[in-house]
Student: 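This is the structure I want to talk about, given as structure tokens.
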Number of protein chains: 2
Amino acid sequence: MGDPGERLKDSRSHRGLAGDSPAGLDAIDLRLLELVQEEGRITLSELGRRVRLSPAAVAERIRRLEGNGTITGYAALVSPAHLGYGVLAFVRVAPRGGLTLRHPRPQKVLARPEILEAHHVVGEDCWILKVAVRDTGHLEELLEQVMTLGRTTTSIVMSSPVDRRVIVPIGRERPE
Amino acid sequence: MGDPGERLKDSRSHRGLAGDSPAGLDAIDLRLLELVQEEGRITLSELGRRVRLSPAAVAERIRRLEGNGTITGYAALVSPAHLGYGVLAFVRVAPRGGLTLRHPRPQKVLARPEILEAHHVVGEDCWILKVAVRDTGHLEELLEQVMTLGRTTTSIVMSSPVDRRVIVPIGRERPE
DNA sequence: TATGAAAGAGCTGGGCA
DNA sequence: TGCCCAGCTCTTTCATA
């Protein structure tokens with residue numbers, strides 16, 4: 001499964017079906033994708049047992065999925081709450097002036113470790129940030145800095161019924 | 001690193017520092033957390049080399065982090081674009097009537113595979129959904145269903161400068 | 001908590017169907 | 001594409017500090 005010591009190549013950051021189409025995935029690839037999304041550290045042997053293929057054959061398929069950018073990496077998932085982040089929130093930022101992402105001020109704000117995700121969006125806002133902070137006081141301090149970029153609107157997360165859904169290739173969603 | 005075949009125990013879905021505090025993490029735990037977040041399939045031996053500890057000692061520390069809920073699991077990261085999802089968007093839903101999450105209608109909507117994350121928030125909206133869809137036509141179809149829950153506001157993601165930040169225990173953010 | 005040794009499981013590369 | 005085999009690496013456990 002590649003050298004775990006390097007980032008995978010070809011992990012474009014988003015949109016636009018760059019490169020390969022979802023076609024070319026057979027039912028076994030599908031199942032493998034599902035399994036590795038759920039159990040990132042599952043062994044090739046175990047995968048082989050589940051899909052009835054030899055470890056070597058599975059390794060080859062996984063290597064292909066990594067190589068063409070379908071699998072972009074592997075990660076341990078950690079609980080923000082256990083690391084001192086008691087509050088999760090979404091902050092929407094509506095532009096003030098024509099500040100683009102390349103300018104130094106946004107760069108500096110986006111570098112803050114509390115910002116888990118930052119998305120540049122069209123629509124009525126400009127950016128959507130997902131942030132984790134210690135408490136509301138901490139949130140206030142963070143917002144002061146974010147507000148230098150534009151008008152902010154904050155929504156504090158109470159619960160997350162869907163935290164992270166396994167992605168299934170389009171057209172292959174499970175028949176319930 | 002535990003049986004990869006089971007979900008980790010004690011992975012509360014969020015907020016509120018349930019259980020253990022971030023204290024009790026020494027510099028080595030910190031480094032391990034960073035490494036496994038970046039390279040989810042790194043071996044215990046390799047971790048041992050990087051932090052200068054025996055594989056057995058690393059295994060023990062990782063087991064502790066998993067056991068107390070700091071590490072909640074492992075996952076392969078996949079590219080939605082490579083699986084046919086050309087459009088990523090955030091949909092905010094403002095309540096219409098007092099529909100709670102436990103009711104069957106929201107349950108059915110949240111079950112749609114296009115919904116990658118669903119957060120229940122306070123603030124001016126009620127829910128924030130992160131969705132992946134094939135194209136704008138597909139988005140329209142999805143929104144028709146989501147609109148049964150309330151007024152929706154959609155923001156289409158153009159780029160994600162911060163896709164997923166490694167979480168660092170609070171108070172231990174890296175001195176730049 | 002950490003280490004080292006030993007046994008078992010898993011991985012990788014090459015040859016072949 | 002996939003299988004098997006051989007050699008090597010990784011994991012796990014246990015005794016010991």
Side-chain angles (χ1 to χ4, degrees), chain A residues 1-9 19-71 73-77 82 169 172, chain B residues 1-9 19-76 82 169 172:
Chain A
M1 216 171 249
D3 177 350
E6 359 176 315
R7 320 275 307 163
L8 265 22
K9 46 278 157 192
D20 313 64
S21 84
L25 297 180
D26 63 18
I28 294 183
D29 290 322
L30 233 77
R31 181 81 182 114
L32 292 176
L33 275 175
E34 216 175 291
L35 289 166
V36 295
Q37 285 184 82
E38 281 165 357
E39 305 168 29
R41 287 184 73 90
I42 191 172
T43 63
L44 297 175
S45 310
E46 181 56 28
L47 285 172
R49 269 171 233 125
R50 309 251 188 118
V51 304
R52 277 164 219 295
L53 234 47
S54 71
V58 171
E60 177 53 33
R61 282 166 179 267
I62 295 289
R63 207 168 314 140
R64 217 190 62 234
L65 292 169
E66 291 170 355
N68 71 18
T70 302
I71 295 178
Y74 299 88
L77 307 175
H82 279 74
R172 315 295 201 87
Chain B
M1 216 171 250
D3 178 350
E6 356 176 315
R7 320 275 307 162
L8 265 22
K9 45 277 156 194
D20 313 64
S21 83
L25 297 180
D26 63 17
I28 294 182
D29 290 322
L30 232 78
R31 180 81 183 114
L32 292 176
L33 275 175
E34 216 176 289
L35 288 167
V36 295
Q37 285 184 83
E38 282 165 355
E39 305 169 29
R41 287 183 74 89
I42 192 172
T43 63
L44 298 174
S45 310
E46 180 58 27
L47 285 173
R49 270 171 232 126
R50 308 250 188 119
V51 302
R52 277 163 218 295
L53 232 47
S54 69
V58 171
E60 177 54 32
R61 282 167 179 266
I62 295 288
R63 208 168 330 174
R64 217 191 62 235
L65 292 169
E66 291 170 355
N68 71 17
T70 302
I71 295 178
T72 60
Y74 300 87
H82 279 74
R172 315 294 202 87

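What you see below is based on every heavy atom in this structure, not just the backbone, and it leaves out hydrogens, waters and symmetry mates. In what follows, chains are A, B, ... by sequence order, proteins preceding strands, each numbered from 1.
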Student: Does D:dT1 have its OP1 or OP2 closer than 4.0 Å to a side-chain nitrogen or oxygen of A:Arg63?
Tutor: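 Checking D:dT1 against A:Arg63, no side-chain N or O comes under 4.0 Å of OP1 or OP2.
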Student: Using nucleotides 15-17 of chain D, report all nitrogen or oxygen pairs with the protein that are shorter than 3.5 Å.
Tutor:
none

Student: What is the distance, to the nearest angstrom, from the CG atom on B:Leu47 to the P atom on C:dA2?
Tutor: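 It works out to 14 Å between those atoms.
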Student: What is the distance, to the nearest angstrom, from the CD1 atom on A:Ile62 to the P atom on C:dC11?
Tutor: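 So the CD1-P distance, A:Ile62 to C:dC11, works out to 11 Å.
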Student: Looking only at heavy atoms, what is the nearest atom pair of A:Ala75 and B:Gln37, with distance?
Tutor: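 A:Ala75 and B:Gln37 have their closest heavy atoms at CB-O, 3.4 Å.
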Student: Can you measure A:Arg49 atom CZ to C:dG10 atom P for me and round it to whole angstrom units?
Tutor: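 A:Arg49 atom CZ is separated from C:dG10 atom P by 5 Å.
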Student: Which donor-acceptor pairs under 3.5 Å do side chains of residues 51-61 of chain A form with protein atoms, sequence neighbours excluded?
Tutor:
{"unit_1": "A:Ser54", "atom_1": "OG", "unit_2": "A:Ala57", "atom_2": "N", "d": "3.1"}
{"unit_1": "A:Glu60", "atom_1": "OE1", "unit_2": "A:Arg63", "atom_2": "NH1", "d": "3.1"}
{"unit_1": "A:Arg61", "atom_1": "NH1", "unit_2": "A:Asp26", "atom_2": "OD1", "d": "2.9"}
{"unit_1": "A:Arg61", "atom_1": "NH1", "unit_2": "A:Asp26", "atom_2": "OD2", "d": "3.1"}
{"unit_1": "A:Arg61", "atom_1": "NH1", "unit_2": "A:Asp29", "atom_2": "OD1", "d": "2.9"}
{"unit_1": "A:Arg61", "atom_1": "NH2", "unit_2": "A:Asp26", "atom_2": "OD2", "d": "3.0"}

Student: Atom CD1 of A:Ile42 and atom P of C:dC11: how far apart are they, to the nearest Å?
Tutor: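 Atom-to-atom, A:Ile42 to C:dC11, this comes out as 10 Å.
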Student: Nearest 0.5 Å please: distance from the CG atom of A:Asn68 over to the CG atom of A:Leu25.
Tutor: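 Rounded to the nearest 0.5 Å, the CG-CG separation comes out at 7.5 Å.
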Student: Could you measure the distance from the CD1 atom of B:Ile71 to the CD1 atom of B:Ile62? Nearest 0.5 Å is fine.
Tutor: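 If I round to the nearest 0.5 Å, the distance is 4.5 Å.
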Student: Salt bridge (charged side-chain N to carboxylate O under 4.0 Å, His left out) with A:Arg50: which of A:Glu34, A:Glu38, A:Glu39?
Tutor: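 So the option named by the test is A:Glu39.
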Student: Does the A:Arg41 side chain pair with the main chain of B:Ile42, one donor and one acceptor, at a distance under 3.5 Å?
Tutor: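 Yes; judged by distance alone, with no hydrogens or angles, the pair exists.
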Student: What's the CG-P distance between B:Leu44 and D:dT11, to the nearest Å?
Tutor: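 About 4 Å, once rounded to whole Å.
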Student: Can you pull every protein N or O that's under 3.5 Å from an N or O on nucleotides 3-8 of chain D?
Tutor:
{"unit_1": "D:dC3", "atom_1": "OP2", "unit_2": "A:Ser54", "atom_2": "N", "d": "2.9"}
{"unit_1": "D:dC3", "atom_1": "OP2", "unit_2": "A:Ser54", "atom_2": "OG", "d": "2.6"}

Student: Ignoring hydrogens and angles, tell me if any N or O in the side chain of B:Thr72 forms a donor-acceptor pair with the backbone of A:Leu77 under 3.5 Å.
Tutor: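 Side chain of B:Thr72 to backbone of A:Leu77, a donor-acceptor pair under 3.5 Å: yes, one is there.
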Student: Between the two end axes of the helix from C:dT1-D:dA17 to C:dA17-D:dT1, each built from 5 base pairs, what angle do you get to the nearest 10°?
Tutor: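 Rounded to the nearest 10 degrees, the bend comes out at 30°.
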Student: The side chain of A:Arg64 lies closest to which of these nucleotides: D:dC10, D:dT13, D:dT1?
Tutor: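 The listed nucleotide nearest to A:Arg64's side chain is D:dT1.
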Student: Taking the side chain as every heavy atom from C-beta outward, state whether B:Leu65 and B:Val36 have any atom pair closer than 4.5 Å.
Tutor: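 SC-SC contact between B:Leu65 and B:Val36 ruled out.
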Student: Using whole Å, report how far CD of B:Glu66 lies from P of D:dT12.
Tutor: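 Interatomic distance, CD of B:Glu66 to P of D:dT12: 10 Å.
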Student: Any side-chain N or O of B:Thr43 under 4.0 Å from OP1/OP2 of D:dT9?
Tutor: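 No, because none of the side-chain N or O atoms of B:Thr43 sits under 4.0 Å from OP1 or OP2 of D:dT9.
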Student: Under 4.0 Å: is that the gap between some side-chain N or O of A:Arg41 and OP1 or OP2 of D:dC10?
Tutor: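 For A:Arg41, the contact criterion (side-chain N or O under 4.0 Å from OP1 or OP2 of D:dC10) is not met.
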Student: Counting side-chain heavy atoms from C-beta on, which of D:dT1, D:dT11, D:dG2 comes nearest to A:Arg61?
Tutor: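 Side chain of A:Arg61 sits closest to D:dG2.
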Student: Looking only at heavy atoms, which two atoms of A:Gly40 and A:Tyr74 are closest? And how far apart?
Tutor: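 In this case the closest contact between A:Gly40 and A:Tyr74 is O-CD2, 3.9 Å.
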